[in-house]
Amino acid sequence: NAGVTQTPKFQVLKTGQSMTLQCAQDMNHNSMYWYRQDPGMGLRLIYYSASEGTTDKGEVPNGYNVSRLNKREFSLRLESAAPSQTSVYFCASSEVRTSGGQETQYFGPGTRLLVL
Amino acid sequence: LAKTTQPISMDSYEGQEVNITCSHNNIATNDYITWYQQFPSQGPRFIIQGYKTKVTNEVASLFIPADRKSSTLSLPRVSLSDTAVYYCLVGGLSGTYKYIFGTGTRLKVLA
């Protein structure tokens, strides 16, 4: 199993350009997430998807759109990139714990985005 | 969602036990406490989760007092490879998706 994969690994954009970050998981998880992490900071939730066909806003959704294409794939789109969106973007998926409690999240390797 | 407070950073030496405490004064009845570890240039990785008392796995132990307003992650005999950022999260059962990671505790293990 590859787990959670993200493409691209690194991207440089000019202000106003658009791009889509791709994420896929092969663990048959229902829930998927997009986070951003700025230098020296914790992760902030952008959007999440509890199941195929549903998406909801997280803490910092402005400037982003998402698509849950199918159970495996969850993409994040920047329609008009801004320097403030320079960050590392992590995708995650989660599974229900057999012992109960919070779902365990599994993270991808991240996409480093630089907006000039 | 319960807010958590952790020390910003800690230093330790190889072979020592490290205890990182997380404060979560407004934890709700159905909230669990989960710890993640993040190495540089990687996504966070699940370490341990608990509800009350003590939980132990092959990596760490988690101590939760009776009032559940704090928790302590214990890493036995740390090595250089344990240098990472450790995050404490508090949240409810499956279906509560808005996890808050906070800034975490940056642990540096020295030789």
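Within every chain, numbering begins at 1; the chains are lettered A, B, ... in the order of the sequence lines, protein sequences first and strands thereafter. As a basis for the values below, the full set of heavy atoms in this structure was taken, side chains included, without hydrogen atoms, waters or symmetry mates.
Hydrophobic clustering keeps A:Leu76 apart from A:Leu45 (ILVMFWY residues linked when any side-chain heavy atoms are closer than 4.5 Å, directly or through intermediates).
Evaluation of the ring-ring contact (aromatic ring centres under 6.0 Å, His included) test over residues 2-21 of chain A, restricted to residues two or more places apart or in two chains, returns none. Residue pairs meeting the side-chain hydrogen bond (donor to acceptor under 3.5 Å, both in side chains) criterion with at least one partner in residues 57-70 of chain B, sequence neighbours excluded, are B:Thr56-B:Ser61.
Separating the CZ atom in B:Arg45 from the CD atom in A:Gln105 is a distance of 15.0 Å, to the nearest 0.5 Å. The line from CD of A:Glu95 to CZ of B:Phe46 is 9.5 Å long, rounded to the nearest 0.5 Å. Rounded to the nearest 0.5 Å, atoms CZ (A:Phe107) and CD (B:Gln38) are 8.0 Å apart. Taking CG of B:Leu89 as the reference point, atom CG of A:Leu43 lies at 9.0 Å (rounded to 0.5 Å).
Contact of A:Gln37 with chain B is made through the side chain alone, with heavy-atom distances under 4.5 Å. Proximity to chain B is absent for every atom of A:Arg44, based on heavy atoms less than 4.5 angstrom apart. Residue B:Tyr51 does not touch chain A at all, counting heavy-atom pairs closer than 4.5 Å.
Residue-environment remark: CG (A:Leu116) exceeds the threshold of 12 foreign heavy atoms within 6.0 Å. By the 6.0 Å contact criterion, CZ on A:Arg112 is enclosed, its count of non-hydrogen atoms from other residues, nucleotides or ligands being greater than 12. With a 6.0 Å radius and a threshold of 12 heavy atoms from other residues, nucleotides or ligands, B:Tyr13 has its OH atom at or below the threshold.
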